[in-house]
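To start, the structure itself, in structure tokens.
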Amino acid sequence: MVDVAVVQTNELGDRSYIAHDGQLAIVIDPQRDLDRLQAVLDEHGLRCAMVLETHIHNDYVSGGLQLAHQHGAPYAVNGADEVTFNRQSVADGDRLDVGDMQIQVVATPGHTDTHLSYVITGGHTPAAVFTGGSVLYGSVGRTDLIDPARTEELTRAQYRSAHHLAGLLDDDARIFPTHGFGSFCSSGSAAGGQDSTMGQEKARNDALTAPDEDTFVAKLVAGLTAYPAYYAHMGARNRDGAGPVDLSPPHQVNPAELHKRISAGEWVVDLRDRTAYAAEHLSGTIGIALGQQFATYLGWLIPWGTSLTLIGENPQQIADAQRQLVRIGIDRPDGSAVGTPQDLADGHDLRGYRRATFADLAAAQQAGDPVTVLDVRRDDERAHGNVPGSTHLPLHSLLNNLDKVPPGPLWVHCASGFRASIAASLLDRAGHDVVLIDDEYATAVDSGQATG
């Protein structure tokens, strides 16, 4: 019998898996903070006997090599991948045994050239199929991460891989993808959800319901959106093999040193929620609220290798931020500070800016106030509608286009307020007069202020 335990990483929209027979475990696509996986192994009384990697990941640093080392287990990685560490080379058609479980290796290129899926069987339960970034729930993994010039080629490979799996597996085969739960590695129509079977995917998956390959390719390519800049660093890190993480508290920075770092232009990131940050913050800091999207957007925006200091209301916020950051290869903050803005001000002025709604924006416009609306949503969102007369600078390109930011008071919006709050903090840091529209864009559409 093959049981499967799911370890979710909601912050990145990914899942790792532990397939087991009650004694021995096979871990698939482990995240880097291994204590969470170890806790599941311990809970079930399991020994990790093998670690499988479906592909060289683009959206996180794998914990696979370190987990294998800790347990003295084989680490199975495609033999075609150029890596600098010892691994058990596997390829299409290979069969491996772990206890009462059998593993069939299936080449499923598309998300990457060397992508593999693993079909694990044992006993009388339906096969458990670990599809990584191939077949997701409702769709497939994106195909533009290896080389944008090869997107169409890899999309066609992705289509064929999905159909290969569909022809290989029974309808009751259980599907366990790594991506598809909010990850930018997913294509836009991934459905998420808790579980699925190949039979269900045949009825709903974009790759399996499209009338033909050309139609599928056109739809997937048209739906691809921008993805985080830190992805560019993940492949190389995973090919080198990451070592253990250090989640011990970072060096505590006193207020004087904190202001020295701010004055030097380093990234000092305030983890408080956007309401608290807008009300009062240290001048020169950047507000990125700690939550599910924290690491994604910090990693997307920070110039890679820049010194990073974290400010939190309490030590737990710092620890939670660290855990998110090691997953994307930001191993150690250069320092941290805990306290309120008043605690950390050290005699320096504090700043703040106004929060408003779209109704407030309408009132300001009707009153004839000088108003420039700045839309920081992605291009694909903007294409579906906008506030008439607004300026568009997507958040992920803002720092490289500060010279294009209009003068005067800026009313900054996104779809819900989170990205706008980051943009507002960056613009405030650059000396602009900002108002954060902390509101749902849908309310502007409903009121007729915006198209959508």
Side-chain angles (χ1 to χ4, degrees), residues 7 9 12-17 26-34 37 50-69 73-92 94 96 103 105-118 130-136 140-151 153-155 157-158 161 176-180 183-187 224 227-245 295-296 299 304 326-331:
V7 180
T9 304
L12 296 179
D14 290 327
R15 289 180 179 176
S16 303
Y17 298 100
I26 304 165
V27 180
I28 303 97
D29 288 350
Q31 289 277 339
R32 199 173 174 211
D33 48 329
L34 297 175
L37 288 152
M50 182 169 285
V51 181
L52 305 177
E53 211 74 77
T54 59
H55 60 292
I56 301 297
H57 300 282
N58 287 289
D59 65 333
Y60 66 87
V61 177
S62 174
L65 180 63
Q66 186 61 25
L67 181 64
H69 283 170
Y75 183 32
V77 177
N78 194 324
D81 285 316
E82 296 181 0
V83 298
T84 63
F85 50 83
N86 292 326
R87 40 83 193 273
Q88 179 166 340
S89 295
V90 291
D92 183 53
D94 286 353
L96 311 170
I103 305 166
V105 182
V106 183
T108 48
H111 186 53
T112 67
D113 284 303
T114 56
H115 191 285
L116 299 173
S117 295
Y118 298 97
F130 300 90
T131 56
S134 182
V135 171
L136 312 183
V140 294
R142 68 187 302 153
T143 54
D144 59 337
L145 298 178
I146 300 302
D147 180 353
R150 297 182 59 211
T151 299
E153 170 198 348
L154 290 170
T155 305
Q158 189 75 297
S161 291
F176 296 99
T178 300
H179 306 313
S183 168
F184 280 90
C185 273
S186 312
S187 64
L224 293 171
Y227 58 84
Y230 74 82
Y231 280 22
H233 307 281
M234 298 299 97
R237 187 72 182 275
N238 285 324
R239 282 187 289 271
D240 287 342
V245 301
T296 293
W304 206 248
V326 296
R327 296 171 184 157
I328 65 166
I330 300 178
D331 285 9

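These numbers come from a predicted model, not from an experiment. Hydrogens, waters and symmetry mates are skipped; everything else that's a heavy atom, side chains included, is used.
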Find the distance between [atom1] ([X]) and [atom2] ([Y]) and round it off to the nearest 0.5 Å.
X	Y	atom1	atom2	value
Tyr17	Thr54	OH	OG1	10.0 Å
Leu136	Phe176	CG	CZ	14.5 Å
Asp147	Glu153	CG	CD	8.5 Å
Leu12	Cys185	CG	SG	9.5 Å
Thr84	Asp240	OG1	CG	4.5 Å

Any donor-acceptor N/O pair, [X] side chain to [Y] backbone, under 3.5 Å:
X	Y	value
Asn238	Ser62	yes
Arg87	Asp81	yes
Ser134	Thr131	no
Arg32	Val61	no
Asp94	Val105	no
Ser161	Pro109	yes

Relative to the ring of Tyr60, is the ring of His179 parallel (under 30°), tilted (30 to 60°) or perpendicular (over 60°)?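 Perpendicular: the ring planes of His179 and Tyr60 meet at over 60°.
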
Mind checking what makes ring pair (Phe, Tyr, Trp, His ring centres under 6.0 Å) contact with His115, not counting sequence neighbours? His55

SB check Arg237 Asp331 (cutoff 4.0 Å): yes

From the list Gln66, Glu53, Gln88, side-chain contact (heavy atoms from CB on, under 4.5 Å) with Tyr75 holds only for Glu53

Closest heavy-atom pair and its distance - [X], [Y]:
X	Y	answer
Ser183	Asp59	OG-OD2, 3.0 Å
Gly110	Thr143	O-CG2, 3.6 Å
Arg327	Thr9	NH1-CG2, 3.5 Å
Ala76	Val90	CB-CG1, 4.0 Å
Ile56	Gly235	CG2-O, 3.7 Å
Ala107	Asp92	N-OD1, 2.9 Å

For residues 106-115, which residue pairs pass the salt bridge (charged side-chain N to carboxylate O under 4.0 Å, His left out) check, not counting sequence neighbours?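 Every pair satisfying salt bridge (charged side-chain N to carboxylate O under 4.0 Å, His left out) with a residue in residues 106-115: Asp113-Arg150.
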
Is it true that, when you exclude Asn86 itself, more than 12 heavy atoms of the residues, nucleotides or ligands shown sit nearer than 6.0 Å to its CG? no

Between Leu145 and Leu154, is a side-chain contact (heavy atoms from CB on, under 4.5 Å) present by the stated rule, with each step listed? CA-CA 10 Å; Leu145 298 178; Leu154 290 170; over 6 Å; no

Start with the C-alpha gap between Tyr227 and Asp144, add the side-chain angles, then the distance that decides, and say whether side-chain contact (heavy atoms from CB on, under 4.5 Å) holds. CA-CA 10 Å; Tyr227 58 84; Asp144 59 337; 3.8 Å; yes

Any chance the rings of Tyr231 and Phe184 have centres within less than 6.0 Å? no

Derivation and outcome, side-chain contact (heavy atoms from CB on, under 4.5 Å), residues Phe130 and Asp29: CA-CA 9 Å; Phe130 300 90; Asp29 288 350; over 6 Å; no

Could you please spell out the steps behind the side-chain contact (heavy atoms from CB on, under 4.5 Å) verdict for Val7 and Gln31? CA-CA 9 Å; Val7 180; Gln31 289 277 339; over 6 Å; no

